[in-house]
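This is a predicted model, so every value here is computed, not measured. Naming: A, B, ... by sequence-line order, numbering from 1 per chain.
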Amino acid sequence: MGDPMKIRARLQGDVADVRVLMAHPMETGQRKDPSGKVIPAHFIKEIRAELNGKPVFDAQISQAISRNPVFAFRVKGAKAGDKLKITWEDNTGDKRSDEITVGG
Amino acid sequence: MDQTRRGVLKGAGTAGALVAAFATGALRPADVLAAWNKGAFDAKTTADALKAMNIASAADSADIVIRAPDIAENGAVVPIDITSKIPGTQSISLFVEKNPFPYVGTFNVAAGAEPFVHVRVKISESSNVRAVVAAGGKYFQTVKEVKVTIGGCGG
């Protein structure tokens, strides 16, 4: 499941300025532990954002995204009270969703 | 609304018709949701990644702005903003050309987001960062060099 995301959505007119911080190791599969064993890749592959249940933004990403990923994007047609839900899914099938209320 | 890929596949297991569709290759699992393009993500050069994405060519455009540090002290966390001013921008894809796997990802904004994205990426060594924008069935690109003093892929 992972730890909760930190999501912030600030309204500028009808555009929600969204910033999200996800807690995830984003392990590349290139690094080795001190005994020389390769640390298996473990990274988020998919991100989806929904505004009131309607998809507004999604991304397919690789292990090149930094640890504890931060993303920012701008959702059009948002207003105070809207529900913004963000979901990630990693390469092990683990996933997590968090929801906030815009401007609340 | 919490329908996940796993849920979709599980649902498909009970629906024989869909299983048949999977089996014959008429409907690949990737089609259920936006595809995670394994071929592109596994590519070792930007050219191969673009090929795997069926992008034959991309026109240079000054309407894509990459905001990134000229010199990044820590290659493990390099903040990058990409803004496209091209009308009808559907997606923004990002490549760090000298990384072991250059393709960083694709950000789809067509459904209801502005053509902007901020990410933090790992950059293994000084490299060109390339943004490729899909708009109206065409592809546009711009490139910016980022120098890295400490790489982001080591220990």
Side-chain angles (χ1 to χ4, degrees), chain A residues 12 14-22 26-34 39 41 43-78 83 85 87-91 93-97 99, chain B residues 1-7 9 30 33-38 40-43 49 53 74-83 91-96 99-124 127 129 151-155:
Chain A
Q12 289 176 338
D14 67 344
V15 174
D17 211 334
V18 180
R19 281 185 87 82
V20 52
L21 168 67
M22 304 171 181
M26 297 302 284
E27 200 55 68
T28 59
Q30 307 255 326
R31 295 199 312 152
K32 292 181 177 147
D33 68 12
I39 304 171
F43 58 95
I44 294 173
K45 289 173 79 168
E46 297 256 5
I47 303 162
R48 291 187 291 280
E50 291 165 13
L51 189 70
N52 296 332
K54 175 185 160 294
V56 287
F57 174 89
D58 70 89
Q60 293 79 47
I61 58 168
S62 78
Q63 62 274 33
I65 297 289
S66 301
R67 177 151 46 104
N68 295 335
V70 171
F71 297 95
F73 50 91
R74 296 184 184 133
V75 176
K76 294 190 279 197
K83 300 271 187 237
K85 181 172 148 189
T87 304
W88 59 250
E89 186 167 348
D90 74 16
N91 65 326
D94 194 9
K95 59 182 184 295
R96 174 169 189 105
S97 293
E99 188 176 84
Chain B
M1 272 332 289
D2 200 10
Q3 187 77 310
T4 62
R5 169 173 296 184
R6 178 160 300 176
L9 292 176
L33 284 174
W36 196 82
N37 189 333
K38 190 173 186 314
F41 281 111
D42 285 347
M53 295 164 77
N74 180 1
V77 186
V78 182
I80 297 181
D81 283 5
I82 306 167
T83 308
S91 72
I92 299 169
S93 299
L94 180 63
F95 304 84
V96 177
N99 271 5
F101 302 99
Y103 181 33
V104 174
T106 295
F107 304 87
N108 299 302
V109 297
E114 291 197 340
F116 159 85
V117 69
H118 166 88
V119 294
R120 293 179 186 173
V121 302
K122 297 167 194 160
I123 300 183
S124 63
S127 170
V129 172
C153 291

What closest approach, in Å, do Val104(B) and Ala64(A) show between heavy atoms, and which atom pair accounts for it?
CG2-CB, 3.9 Å

Hey, which of Ala111(B), Ser91(B), Gly105(B) has the most heavy atom pairs under 4.5 Å with chain A?
Ala111(B)

Taking side chain as everything from C-beta outward and backbone as N, CA, C, O, which of these in Val119(B) sits under 4.5 Å from a heavy atom of chain A? Side chain, backbone, both or neither.
both

Heavy-atom side-chain proximity of Val70(A) to His118(B) below 4.5 angstrom
yes

By a 4.5 Å heavy-atom criterion (distance strictly below it), what part of Arg19(A) contacts chain B: side chain, backbone, both, or neither?
side chain

To the nearest 0.5 Å, atom CD of Glu114(B) lies from atom CG of Asp17(A) at 8.5 Å

Of all the heavy-atom pairs spanning Ser66(A) and Ala76(B), show the shortest one and how long it is.
OG-O, 2.6 Å

Closest approach of Ile61(A) to Trp36(B) (non-hydrogen atoms, all atoms of both residues):
O-NE1, 2.9 Å

Looking at side-chain heavy atoms only, is the closest gap between Pro100(B) and Gln30(A) below 4.5 Å?
yes

Would you say the side chain of Phe73(A) lies within less than 4.5 Å of the side chain of Val109(B), judging by non-hydrogen atoms?
no

Looking at Lys122(B) and Gln63(A), would you say the former's side chain and the latter's main chain have a donor-acceptor pair under 3.5 Å?
yes

Examine whether an atom of Phe41(B) lies under 4.5 Å from a heavy atom of chain A, and if so say whether it belongs to the side chain, the backbone or both; otherwise answer neither.
side chain

Quick one: which of Val18(A), Val56(A), Val75(A) has the most heavy-atom pairs under 4.5 Å with chain B, could you say?
Val56(A)

Close side-chain approach of Gln60(A) to Asn108(B), heavy-atom, < 4.5 Å
yes

